[in-house]
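These numbers were taken from a predicted model, which means no experiment stands behind them.
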Amino acid sequence: MTNAAPTLALVGATGAVGTVMIDILNGRENWPWGEVRLIASPRSAGKKITVRGEELTVLALAPEVFDGVDVAMFDVPDAVSAQWAPIAAERGAVAVDNSGAFRMDDDVPLVVPEVNGDLTRDRLSYPRGIIANPNCTTLSMMAALGALHHAFELRELVVASYQAASGAGQDGIDRLYAEYAAVAGQNLGTKAGDVRAALAAAGLAQEDSPFPAPLAFNVVPWAGSLKEDGWASEELKVRNESRKILGIPDLKVSATCVRVPVVTTHSLAVHATFASPVTVEEARKIFGAQPSVVLVDDPANGEFPTPADVVGGDPTYVGRVRQALDFPNTLDFFVCGDNLRKGAALNTYEVAEALAARL
């Protein structure tokens, strides 16, 4: 225990998620930190970024920048986290990592504060000094799904995700904008190959894209890398991470991940089966009682969550809540969540904030 306000470090401060994190830091009402350090690669070192009215200089990633740091948030690629999060922990910080480097390690908790935030309370829960943040797809549904699980005990989960281009990083955003610019004003889609031909004519080679097919005017049933038996890595993340976060190691899960031409905000169609009966009215009451969930569910008046209405917001938005036809104890609902905020930056910061309250 210390009397001084804790020190927070943000590693990856100039990246896509890091930029959102800066916005979150600037807008937070309660402020537990005495010092903030912004850290990035050597090529970004020296940049000036304002945090809560103070201009801070970005520091180059090095072991000594973690000296005196209490909590270090990592918004960097897997390989960078794998190398540097243990170094931060060795220097005395608790590393809260947004990458996939440690998510499935048995001695690293995978935390969503609304669901299993108790894992931040005791150092024995994170013996390596590292806490992992879930994948943004899993995280987008977890506040809503976790609340239902606590009430009715989740048994089976079938999910179809509709994932934004920003889930592939800045390259994904840039590619989608470039594709839209290339096809703007053209009468496309009347025959197979129209979109591909327009992109090729604009010099946008498919092999240069982070997506395996055109995304403009299209949907791509693929996200991540190829794994065994035809599964995509994003689909297996939904399965494995849901089991770990909810504490249900034998949970039956099947996921299909689809990339859609949306810049930011993931959506998911959730089909959830529970051990006990659950009604739509009960589910709505549970959703309404969650501070981080917003229920938007009046389809008769065209009211349900969409990415265009949700982007930039912190909560999870839920709608289209239905009793599943032909499936007992089962609900269907639709979820939207900004994948760069709650899906990445905000959850990481909320874990860090929970740690700060216990330092």
Side-chain angles (χ1 to χ4, degrees), residues 2 4-28 31-103 108 128-133 136 165-175 177 210 263-264 338-341 343-353 355-356 359:
T2 62
T7 295
L8 175 70
L10 171 57
V11 184
T14 59
V17 176
T19 301
V20 175
M21 184 69 77
I22 297 296
D23 183 56
I24 290 171
L25 295 179
N26 283 328
R28 210 66 177 170
W31 188 248
W33 311 105
E35 179 189 351
V36 174
R37 298 180 193 174
L38 304 182
I39 302 167
S41 65
R43 69 176 179 274
S44 296
K47 289 185 177 180
K48 305 291 186 181
I49 298 176
T50 299
V51 177
R52 303 182 77 85
E54 181 181 0
E55 188 177 71
L56 302 179
T57 301
V58 176
L59 306 173
L61 185 57
E64 58 270 18
V65 300
F66 297 108
D67 290 343
V69 170
D70 296 285
V71 181
M73 302 185 299
F74 282 77
D75 289 312
V76 293
D78 291 12
V80 179
S81 284
Q83 177 183 354
W84 287 96
I87 293 173
E90 289 170 2
R91 296 268 173 157
V94 180
V96 184
D97 180 40
N98 190 42
S99 83
F102 305 99
R103 287 175 185 150
V108 175
R128 291 169 61 185
I130 300 172
I131 296 174
N133 197 59
C136 54
S166 57
Q170 190 62 46
D171 287 347
I173 297 172
D174 293 343
R175 177 70 187 200
Y177 278 131
V263 176
T264 299
D338 186 319
N339 54 294
L340 297 183
R341 290 188 73 85
L346 179 60
N347 195 81
T348 304
Y349 181 74
E350 287 174 334
V351 172
E353 200 171 56
L355 291 168
L359 292 173

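- Using a cut-off of 4.0 Å between Lys/Arg side-chain N and Asp/Glu carboxylate O, Arg103 and Asp97 are scored as not salt-bridged.
- Taken from CG in Leu10 to OG1 in Thr348, the straight-line distance is 9.5 Å, to the nearest 0.5 Å.
- No donor-acceptor contact under 3.5 angstrom links the side chains of Thr264 and Asp338, judged on distance only.
- Here the CG-CG distance, from Asp75 to Asn133, works out to 8.0 Å after rounding to the nearest 0.5 Å.
- Salt bridge present: Arg28 and Glu353 bring a charged side-chain N and a carboxylate O closer than 4.0 Å.
- Side-chain contact between Trp33 and Val71 is present, with at least one heavy-atom pair separated by less than 4.5 Å.
- Rounding to the nearest 0.5 Å places OG of Ser166 at 11.5 Å from CG of Asp174.
- A tilted orientation is assigned to the rings of Phe66 and Trp84, their planes being inclined by 30° to 60°.
- For the residue pair Lys48 / Thr57, a side-chain donor-acceptor distance below 3.5 Å is found, with atom types taken as modelled.
- By the 4.5 Å heavy-atom criterion applied to side chains, Ser99 and Val76 are not counted as neighbours.
- The one candidate from Leu56, Leu38, Val17, Thr14 that meets the side-chain contact (heavy atoms from CB on, under 4.5 Å) condition with Ile22 is Leu38.
- Checking Ile131, Val94, Leu346 one by one against Val351, the side-chain contact (heavy atoms from CB on, under 4.5 Å) holds for a single residue, Ile131.
- Taking the side chain to side chain donor-acceptor pair (under 3.5 Å) definition, one finds that Glu35 meets it with Arg37, sequence neighbours left out.
- Considering CG of Asn98 and CZ of Phe74, their distance stands at 11.5 Å, rounded to 0.5 Å.
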